[in-house]
Structure formats: C-alpha cells, structure tokens
**Student:** 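I am attaching a structure below and will ask some questions about it afterwards.
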Amino acid sequence: MAITVRRLTTLPELGLTLVAGRDGADRVIEWAHPIELPDPTPWLSGGELVMTTGLEIGADADAQFAYLQGLVGAGCVALAFDTGTRFDRVPDGLRAAGDALGFPVLAVPASTPFIAITRAVIDELTADQVRAVQRVVDQQERLARATLRGGVPAVVTALGQALAGVVAVVDPDDRVLAEYGSDTSRAIRHARAVSESASRSPRRRQLSKVLADDGGHYTVQSIAAAQDLYGYLAVGTAEPLPPADRLLLAHAVSLISIELGKPAKVQSAEQRLRAVVTRTLFDAPERMDAGLLRYFGFEPADTVAVAVLTEVGPLLPAERQVGAALAAEGIPHLTASVGADVAVVLPADRAREIAARVQDRVRAQLGRAVRCGLGGPCAVTAANTSVRQALSAARAVRDGAGAPVVFAELGTFSVLLGMQDPDALQAIARTGLEALDAYDEKNGASGRLVETLAAYLEHNGQAETTAVALGIHRHTLRNRLARITELTGRDLDSIHTRVEWWLAVKAREILDGRGG
C-alpha cells in the first residue's frame, strides 16, 4: 500500500507527530527531500515530503505562511520540521499556516535524523513497487489462463476486472469482437475513431493513443502481429493508467494478437477436438483424459451442468451460432451435437444465466423458437447424467420463447422419468399404448390416436381446447376418444389411467429427443 503522511506517523521508530494540517494527512508521499532554502520550490517536482531544520522558514507568522504556501503551490504533500536543532517545538505561525492551508506539518523529535525518514520512505516506496510488480505478474498469469479457457472474450473480461474499467475490441471492419463493462459505447467509439484515422494512413495503422472525455480516460492500442492488423483494443478508466497497468495492457494486447492470429485450420481442429472431448465425456467418461479437460478450462473435480438446445434446425449453422455465443461469454465450455440437438457443458454456478443468454443469441441468429433444458449440477466426469436431465427438461418446454427449463424444477416428472435409463423408459413408453400404436400404423394419417391422446391429456381433458389444438372438429375428437376407449378397454376419466398414459407419452418424447 502507498505510504501516506498519516501512515508515516504510525512508524514507531520515527516518532513523528502530526501537529497541523490534519485534513491533508492522507496524501501519498512520493519522495522525502531535506532542503534549507528560503524558496525551495524550483528544486521540487511535486509529491515530496520536505524536511527542514527551520533555517529559512522566516522570522514571523506571515513569512512562515508564505513559505508553506510556496510548498503547497509546488505540489508538496507535507513538511517535516526538526525540533532538536534550532527549535524545540514547531513555531505557532507554521502550525497556523498548516491548518489554514490543509497542509500537514510533522514534528520531528531530536532523536530522529532526516536520513531515517528518507530511508523509511524509500523502503515503503520499494515495497510498494514490489507489490505492484507482483500484482502484474499475478494478473499476467490470470490473463494467460483466461486465453486458454475462453479466448479473446475471456481476456477482455479479465483485463476489465483487473483495471476496474471498460474494455472493447473492434476489428478493422469496426465489428465489436468482445467487450466488458456496463457501458462500453465510449470505448467502442474511440476505438472506431482511431481505426478510421489509421486507415487513412496505412503506414501508421499500428499505434497507441490516449484520449480523455467526460467519461474518463481511454487508451486505444492496435492489435497486430508482424504486418497483419487484427483490430484495436480500447480501455476506459476513471484515471490515467499507471505504469504497472500499462504493462498489463501490453500483455493483454499480445495475448489477443496471438489468439486472433490463429490460422483457421487451427481453430477448426480445436473445435473438432472440443466436440470429441464432449462426446467422450457423455459416452465413456472413464476414458476421459484429465489433460484434455484442463485444455478446455475444466478440472476433473469441477462441478458442471449441461444445457441442451433443441429445435435448432440444421446442425452445422446451429453449432456455429452456439460456438459464437459461448465465445462471447468467455467461460470454459464443452459442446457437441446430441442427435438433432446441441449440448453444452458449463460451470454449474453460472450455467443458468449463461444458458439463457446463449439461447437468446442463438434464437435471434437462427430465427427459430429454440428451446433449452438445463440439467442438474454434477461432477464433470458425470456429465452424462446431467445431459439426460437436460434432454428431459428440454422436452418439457411448451413455449420456445421461454427461458431455459431447469430439470430440478420439474418436480415429480423429473424424478419419475429424467433419471430412468433407456430400457426403463422404453418399458414406460409402451405401457397401455400398444393397441393405439397398431391402429395408427395400420391407418396412417387417418389414425393419429396417440397424438390425439397426448393432446387430450396435455389440455387436462378439455375437449374444446384439444380439438382446437389439433385442428379438428370436436365430433372428430369425440370419435377418436371413443375409439381409444374401445381399443384399450381403459376409462379416460380415470386419474390412474391418465397418469399412466401421460407418463408413457412423456417417456416417448424423452426417447425421441435422445435418439435424435
């Protein structure tokens, strides 16, 4: 932590006493400098703790006020006054001036030489620099891990958190590749302005620029490797970046340059590897290599949850859009197709919010009513359990525009069906429906008894709403219901019959979703 005037007075070996100007006691000391001149200001650059024996402070209160006022104007932070050489106490005029100007005045005991104060300040400044360097090293490691886990979006997020600012990356075509912060509009605008200016001077496309406006201070840095320009990074902070933070920014720029410079073949191979790892996790977790999990940001002991997106249409564009949405999140993830659906393995503590955002983005890009189910949390090596739950939840969705349906919130349905293995689900799906299946198979489109039964149960036995949902006349519905009773010998008004058939219908939906 920085050495302040107040903190300097707490060092017992110095014995300093704050006798005036307490309002300024939290100013940071950048150096300690002994000087005995009537006007020391030409030799001061600001931030100093000035030390004096009082040789040239003036003989009266007015002169002492003027002396102290000069130090204030030079940007000094405090005055340390020796009380063991010419004076045995700090003069009253100097004390009054310190209080009036809000400028700290310290009384230095006779036993404390100025060199001891200088050494204490230097030691604290050195320790502060060491801490700053260590912070940069720690943050550099964090940025490197973020790059491995989530690419450019993860680096941008980590950098924004480290600098407590907003961050945006735009490419040479002014598209926003990643952003972090509650309001990145100014950062994006500055990045685009620099990009436009640089495009008019091809020889100066790689540059760094510092700007300021009402929103704060902005540093814009080009992202490039050799002669290739990949875009511009803009960072907005309340104050100008100190040297340590500028070093961290430069490290982030290097990582982003490497990431954006990856050949397309490398990215494609990485995505194929991601899909293979995901399928291995689902189908043969005992064969899962811990090193591959770590490559994609997961530890074998991590807790995950699986989200499944259904009704996505053709898989290739769907997988591409899911990948883009996940890249924007900047978090560890694994993804692969499961039948006609897309499954995503996510960190459990953020799975719900991320799944919701991914669903929204994919729905908007594909123009489809994409549905989403979310399985329960589990160990990463038990993700096959969560994917079954997610499929179960996804099949329970009735409105494609809704938020992800969470398996754990499905109640009895989730307990009875979501955790069953395929053989058990097959047995449930056949329960009491064999005769209806045979009729539908024989009569084709004119049959539809299983579909009619499912709609009737879903609409709580309301004939009118069921007929509307199926697009048929209510007399047609009554005839079908009568045929169902005739073929099965079961009473449709019986709650036991309805529950059994409802479970059979839902088991079929789950099996259809899993089988793709």
Side-chain angles (χ1 to χ4, degrees), residues 1-132 217 239-244 246:
M1 59 187 294
I3 180 68
T4 63
V5 176
R6 190 186 307 279
R7 185 155 174 265
L8 191 64
T9 63
T10 64
L11 301 180
E13 65 273 20
L14 298 180
L16 305 180
T17 305
L18 183 61
V19 297
R22 288 177 172 79
D23 292 343
D26 292 321
R27 294 173 180 169
V28 175
I29 301 171
E30 298 180 7
W31 193 248
H33 186 52
I35 192 166
E36 302 289 355
L37 293 172
D39 180 15
T41 57
W43 287 267
L44 302 173
S45 58
E48 294 95 350
L49 167 69
V50 172
M51 299 178 287
T52 182
T53 61
L55 182 64
E56 300 289 353
I57 63 169
D60 55 34
D62 290 341
Q64 292 167 10
F65 185 92
Y67 176 84
L68 219 56
Q69 192 173 41
L71 298 184
V72 172
C76 297
V77 298
L79 175 69
F81 193 87
D82 175 56
T83 59
T85 304
R86 297 178 57 84
F87 295 84
D88 57 6
R89 62 188 300 275
V90 178
D92 292 338
L94 212 55
R95 290 171 181 253
D99 288 332
L101 296 169
F103 187 80
V105 178
L106 303 174
V108 182
S111 58
T112 301
F114 285 167
I115 187 62
I117 299 174
T118 301
R119 187 183 300 278
V121 171
I122 291 174
D123 288 346
E124 289 293 330
L125 291 175
T126 302
D128 198 43
Q129 290 174 348
V130 170
R131 286 189 291 267
H217 297 264
E239 301 294 333
L241 293 178
R246 290 199 296 271

**Student:** Any idea which heavy atoms bring Val50 and Cys76 closest together, and the distance?
**Tutor:** CG2-SG, 3.7 Å
**Student:** Nearest 0.5 Å please: distance from the CG atom of Asp82 over to the CG atom of Leu55.
**Tutor:** 11.5 Å
**Student:** Looking only at heavy atoms, which two atoms of Arg27 and Phe103 are closest? And how far apart?
**Tutor:** NH1-CD1, 3.4 Å
**Student:** Nearest 0.5 Å please: distance from the CZ atom of Arg131 over to the CD atom of Glu124.
**Tutor:** 6.5 Å
**Student:** Are Glu56 and Leu37 close enough that some pair of their side-chain heavy atoms sits under 4.5 Å apart?
**Tutor:** no
**Student:** Quick one: pull up CG in Leu49 and CG in Leu71 and give me the separation to the nearest 0.5 Å.
**Tutor:** 10.5 Å
**Student:** Could you check whether any side-chain N or O of Arg246 sits under 3.5 Å from a backbone N or O of Leu241, counting only pairs where one atom can act as donor and the other as acceptor?
**Tutor:** yes
**Student:** Would you call Pro109 and Leu16 a side-chain contact if the rule is heavy atoms closer than 4.5 Å?
**Tutor:** yes
**Student:** So, do Leu18 and Leu106 sit near enough that their side-chain heavy atoms are less than 4.5 Å apart?
**Tutor:** yes
**Student:** State the CH2-CG distance between Trp31 and Leu125, to the nearest 0.5 angstrom.
**Tutor:** 7.0 Å
**Student:** Is the shortest side-chain heavy-atom distance between Leu68 and Leu79 below 4.5 Å?
**Tutor:** yes
**Student:** Are any of the side-chain heavy atoms of Val19 and Phe81 separated by less than 4.5 Å?
**Tutor:** no
**Student:** Main chain of Thr53, side chain of Glu36: is a donor-acceptor contact present, judged purely on distance under 3.5 Å?
**Tutor:** yes
**Student:** Kindly give the heavy-atom pair with the smallest separation between Thr41 and Ala74, and that separation in Å.
**Tutor:** CG2-CB, 3.9 Å
**Student:** Counting C-beta onward and ignoring hydrogens, is there a side-chain heavy-atom pair between Ile35 and Thr52 closer than 4.5 Å?
**Tutor:** no
**Student:** Does any non-hydrogen side-chain atom of Leu94 lie less than 4.5 Å from one of Phe87?
**Tutor:** no
**Student:** Which atom pair, heavy atoms only, marks the closest approach of Asp99 to Gly21?
**Tutor:** OD1-N, 2.8 Å
**Student:** To check you understand the geometry: which heavy-atom pair defines the closest contact between Leu44 and His33, and what is its length?
**Tutor:** CD2-CD2, 3.8 Å
**Student:** Within the 4.5 Å heavy-atom criterion, are Met51 and Thr118 side-chain neighbours or not?
**Tutor:** yes
**Student:** Testing the basics here: between Thr4 and Ala25, what is the closest heavy-atom pair and its distance to 0.1 Å?
**Tutor:** CB-O, 4.0 Å
**Student:** For the CD1 atom of Ile29 and the CD atom of Glu48, what is their distance to the nearest 0.5 Å?
**Tutor:** 11.0 Å
**Student:** Can you tell me if CZ on Arg119 sees more than 12 non-hydrogen neighbours from other groups inside 6.0 Å?
**Tutor:** no
**Student:** Once rounded to the nearest 0.5 Å, what's the spacing between atom OG1 of Thr9 and atom CZ of Arg22?
**Tutor:** 9.5 Å
